[in-house]
Amino acid sequence: MDVDIKGTSNAEGEEEKGKPIVVILVGAPGSGKSTFCDHVMRSSTRPWVRVCQDTINNGKSGTKAQCLKSAAIALKDGKSVFIDRCNLDREQRVDFVKLGGPQVDIHAVVIDLPAQLCISRSVKRTGHEGNLQGGRAAAVVNKMLQKKELPKLNEGFSRITFCHNETDVQAALNTYTLLAPLDILPNGCFGQKNPDSKVQLGIMKFLKKMEAPSNTESNLNSIRDNESQISEEKNPSSCTGKEMISSLSCAADKEVKEGNDQLALGSVGPGVSADDGPTLAFPSISTADFQFNHEKASDIIVEKVEEFVKKVGNGRLVLVDLNHGSKILSLVRAKVAQRNIDSKKFFTFVGDITQLYSKGGLRCNVIANAANWRLKAGGGGVNAAIFSAAGPSLEIATKEQASSLHPGNAVVVPVPSSSSLYGREGVSHVIHVLGPNMNPQRPNFLNDDYNRGCKILRDAYTSLFEGFVSIIRTQSNFPTRSSENLKHEPLKSGDTSHDAPTVFFSSNTDQKIKRNNNYESERSKKCKGFQDEARAATTDSRARHINKHENDVSRTMAWGSWAQSLHHIAMHPARHKNDVLEISDDIVVLNDLYPKAQKHLLVVARCDGLDSLADVGKDHLQLLMSMHAKGLEWAEKFLHEDPSLIFRLGYHSAPSMRQLHLHVISQDFNSNHLKNKKHWNSFTTAFFRDSVDVIEDIRTAGKATLKEDDSLLAMELRCHRCRSAHPNIPRLKSHISNCRAPFPVTLLESSRLVLAPTKIASHS
DNA sequence: GTTCTAGAAC
DNA sequence: GTTCTAGAAC
């Protein structure tokens with residue numbers, strides 16, 4: 001069966017012409033690798049070099065390093081190379097695969113003939129280069145086949161040809177013999193056995209839900225047993241015939257018996273590996289259409305992968321790209337190689353993310369989508385491919401989770417069982433991710449601001465991987481939906497039985513529902529978004545809030561999807577380690593995402609149900625004092641670094657973000673994020689409640705005085721120091737950058753301003 | 001909260 | 001013609 005996962009029409013075909021190729025032969029001793037090379041080289045018009053480890057050392061057996069060097073020299077000369085050694089497992093191949101790049105394609109030719117045939121050939125022959133002949137050959141061949149790991153495209157091959165009999169070998173021989181110097185061969189896997197049985201096996205295996213037919217189940221068990229036996233033994237590092245012999249002991253009988261099991265393994269089909277766990281396949285985020293710098297992106301991918309491989313248990317992370325010459329894939333591969341990352345837990349894969357299983361043999365129960373902010377189908381690239389492959393049911397399932405996505409966030413969507421992505425590929429969840437955009441033609445253009453861009457990209461991968469972790473956790477802890485869950489979250493039509501948490505809340509704040517004041521609908525949507533949170537607690541807190549202000553429609557509707565992030569961080573600070581500066585039992589400190597001054601951070605209360613100053617009562621006095629103390633501590637730290645700064649600590653009367661937070665903000669207001677009248681007035685009018693005043697209010701009256709009047713935010717623009725008025729924001733900003741007038745007397749009283757000790761005298 | 005953009009203001 | 005804002009959309 002011919003399979004070309006890239007498609008034979010290659011837009012870059014012209015550029016690829018004339019590339020040298022490295023053909024890595026994979027096969028046991030006696031399979032006919034050397035003969036294959038000889039035949040091709042005898043008649044081919046393409047310049048070939050055969051690199052054979054058994055003879056590379058002046059006719060004697062050499063090292064892998066010598067082979068690599070020799071291959072590299074040949075490639076530099078523009079010659080194509082055969083790597084003639086057993087190359088039976090991934091580890092043996094990996095360094096040779098690295099010879100590949102934009103100018104060199106890596107192929108594999110797998111000569112997977114019956115073990116008995118290889119053995120009988122090895123036993124009979126004399127004068128073999130690897131000195132593998134006679135009686136010991138049977139044991140050696142069997143031993144080597146034990147650790148056979150058929151190559152997969154994800155190792156970095158652009159083309160793999162499987163030969164299961166002499167006819168296949170002859171066909172491959174013809175293909176390579178006829179390959180002229182300027183010719184290229186289509187990419188993909190060719191001649192792979194039993195793809196159909198494999199599909200079913202794979203789906204059953206990772207969903208662990210369907211009942212497996214007894215024959216396949218027993219096959220699977222025999223593979224597991226077989227592999228566990230092998231893993232108990234120490235594998236030799238190389239695989240030339242000679243070294244294998246020297247590493248062998250006298251247990252030849254046992255090995256022949258195991259060799260029979262090995263043949264059974266082959267019958268299950270290639271690509272079956274007992275250690276497949278839950279797997280997330282993800283494209284590189286933002287590096288395609290969003291034009292994010294590849295070098296920076298690859299750093300972030302490797303950083304985040306390193307962080308999360310520890311958290312995914314037996315799960316795997318796979319970076320996928322459609323193209324072989326993918327720059328991002330080679331950058332990541334190179335950087336991963338320098339880190340201590342388990343290659344079984346993370347690897348790269350070349351192929352179509354919507355056909356990883358059916359065309360690439362890679363089982364992934366979760367795939368990530370590089371989504372657009374509207375979470376709509378269409379556009380191009382991965383987003384279009386995934387929505388198109390999944391069918392309309394994914395769009396419906398996505399809408400149930402969220403209507404839009406902010407950069408840096410992700411949303412987990414269970415794939416409906418009616419979708420072919422679920423049935424054919426075995427994908428149970430899609431995680432939509434939105435990364436930072438550096439493309440001026442697309443929304444949320446960051447205009448080359450890589451400080452923000454990198455942060456958002458980190459957030460995006462964190463959200464994505466957290467989503468994957470939560471799926472793993474949900475599937476292992478809650479294989480079925482409990483009646484408790486049903487109570488909180490009624491099943492909807494089109495809902496599937498494998499629901500999963502939403503990573504980052506992005507609810508569907510449907511305007512019609514808002515205007516109709518249909519709280520029940522709104523709440524159910526919000527709850528759905530918070531499936532991974534303490535569901536009842538979240539709902540209760542919101543309900544309390546609603547009851548308290550039940551006559552206040554605007555407040556009932558107050559928290560949009562975008563207003564949830566502080567709450568999320570306060571409830572799960574450990575999940576946002578990169579964002580928070582400090583975590584304690586009752587407080588989280590973090591930088592404001594859009595600082596309105598040189599220094600602008602938030603001291604966030606962790607108490608659930610405390611959404612704003614309006615919720616604060618006498619019970620919270622201690623907390624307010626702790627928050628103030630923490631704010632002062634940070635202000636003083638900044639003052640130590642820069643004594644010219646002046647800070648103010650306070651709360652917004654009506655905050656936009658849910659979860660009580662104290663602003664600690666320097667009074668320079670020197671920031672590109674300060675853009676409009678509301679920004680300015682929210683920090684310089686009575687709308688801003690100084691922390692010292694709030695504490696005094698609570699102490700004396702039991703509640704905070706609020707100045708929620710919108711007119712405060714619409715006030716004329718006045719300098720916070722000299723109180724002069726200015727016509728617009730740019731003029732105001734220009735003024736405040738120079739104004740050195742003393743602050744109004746009211747601010748100088750009662751420690752509302754926090755200054756460096758040396759400055760206090762001059763201001764009072 | 002931000003982004004986007006029509007149209008006001010200059 | 002360009003700058004800036006207010007309001008809508010998310």
Side-chain angles (χ1 to χ4, degrees), chain A residues 290 371-376 398-399 401-409 411 432 434-447 449 451-453 455-456 459-460 504-515 522 525-526 529 554-555 557-570 576 579 590-597 600-602 604 611-613 651-663 665 671-683 687-688 708 710-717 725-735:
Chain A
F290 282 0
N372 54 46
W373 70 277
R374 286 182 204 270
L375 291 169
K376 294 264 168 67
T398 299
K399 279 208 187 85
Q401 300 293 340
S403 60
S404 69
L405 206 55
H406 273 268
N409 292 346
V411 58
H432 298 293
L434 184 61
N437 169 36
M438 295 299 179
N439 179 350
Q441 310 295 317
R442 297 284 175 269
N444 304 330
F445 171 47
L446 286 176
N447 197 12
D449 182 352
N451 279 337
R452 275 178 74 200
K455 188 182 174 306
I456 293 171
D459 289 349
F504 199 100
F505 180 48
S506 184
S507 94
N508 184 352
T509 45
D510 187 319
Q511 293 301 307
K512 275 184 199 158
I513 290 172
K514 272 184 153 182
R515 286 181 191 128
E522 186 72 353
K525 288 183 186 218
K526 285 185 187 301
S554 73
R555 188 165 292 280
M557 298 306 151
W559 312 119
S561 60
W562 40 262
Q564 304 291 342
S565 62
L566 283 182
H567 175 74
H568 202 268
I569 291 170
H576 301 267
D579 298 315
L590 62 151
N591 278 313
D592 193 296
L593 182 59
Y594 299 96
K596 303 298 185 292
H600 182 187
L601 50 78
L602 305 176
V604 185
D611 286 337
S612 77
L613 221 41
Y651 301 85
H652 283 157
S653 288
S656 297
M657 302 294 284
R658 177 185 180 197
Q659 197 68 22
L660 183 70
H661 54 279
L662 171 70
H663 291 269
I665 184 164
S671 164
N672 290 334
H673 296 296
L674 201 159
K675 289 175 177 169
N676 59 42
K677 193 176 258 186
K678 185 179 172 185
H679 290 156
W680 178 254
N681 284 333
S682 72
F683 288 103
F687 184 86
F688 188 84
E708 296 175 86
D710 276 354
S711 64
L712 282 172
L713 297 176
M715 268 175 56
E716 61 191 337
L717 298 166
H726 299 269
N728 54 44
I729 289 285
R731 300 270 284 275
L732 170 76
K733 289 177 90 169
S734 161
H735 167 81

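Just so it is clear: chains get the letters A, B, ... in the order the sequence lines come, proteins before strands, and each one is counted from 1. As a basis for the values below, the full set of heavy atoms in this structure was taken, side chains included, without hydrogen atoms, waters or symmetry mates.
When rounded to the nearest whole Å, the span between CG of A:L405 and C1' of B:dG1 equals 15 Å. One atom, NE2 of A:H600, and another, P of B:dT2, lie 10 Å apart when rounded to the nearest Å. A:D449 has its CG atom 14 Å from the P atom of B:dT2, to the nearest Å. Computed from coordinates, the A:Q659 CD to B:dG1 P distance equals 14 Å when rounded to whole Å. In this entry the distance linking CZ of A:F687 with C1' of B:dG1 reads 12 Å, nearest Å. Rounded to an integer number of Å, the gap from CG of A:L434 to P of B:dT2 is 17 Å. Atom OH in A:Y594 sits about 5 Å away from atom P in B:dT3, given to the nearest Å.
Residue-level contact check: A:H661 touches neither bases nor backbone, having no heavy atom under 4.0 Å from any strand. The residue A:K678 sits apart from the nucleic acid: no heavy atom pair falls under 4.0 Å.
A:N681 pairs by the side chain to side chain contact (heavy atoms under 4.5 Å, CB included) definition with A:K677, A:T684, A:T685, A:L713, A:M715, not counting sequence neighbours. The ring-ring contact (aromatic ring centres under 6.0 Å, His included) search around A:F445 returns none, not counting sequence neighbours. With sequence neighbours left out, A:H663 forms a ring-ring contact (aromatic ring centres under 6.0 Å, His included) with A:H600, A:H652, A:H661, A:F683. Scored by the salt bridge (Lys or Arg N to Asp or Glu O under 4.0 Å) test, A:K455 finds A:D459, A:D579 as partners (sequence neighbours excluded).
Remark: A:H673 is not in phosphate contact with B:dG1, judged by side-chain N or O atoms under 4.0 Å from OP1 or OP2. Side-chain N/O atoms of A:H652 include one lying less than 4.0 angstrom from OP1 or OP2 on B:dG1.
A:L446 has its side chain within reach of A:I456: a pair of non-hydrogen atoms, C-beta onward, lies under 4.5 Å apart. Using a 4.5 Å heavy-atom cutoff, the side chains of A:N409 and A:W562 are not in contact.
DNA chain C lies under 4.0 Å from at least one heavy atom of each of the following residues of residues 728-735 of chain A: A:N728, A:I729, A:P730.
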Look for any protein N or O under 3.5 Å of an N or O in nucleotides 4-10 of chain B and output each such pair with its distance, or none.
{"from": "B:dC4", "atom 1": "OP1", "to": "A:N444", "atom 2": "N", "distance (Å)": "2.7"}

| request: Apply the test side-chain contact (heavy atoms from CB on, under 4.5 Å) to residues A:K678 and A:S656: give CA-CA distance (whole Å), side-chain angles for both, the deciding distance (0.1 Å), then the verdict. | output: CA-CA 11 Å; A:K678 185 179 172 185; A:S656 297; 4.0 Å; yes

| query | Would A:I569 and A:V604 satisfy side-chain contact (heavy atoms from CB on, under 4.5 Å), going step by step from the backbone distance to the final call? | reply | CA-CA 9 Å; A:I569 291 170; A:V604 185; over 6 Å; no

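Checked by atom type and distance alone, the side chain of A:N372 pairs as donor or acceptor with a backbone atom of A:K376 at under 3.5 Å.
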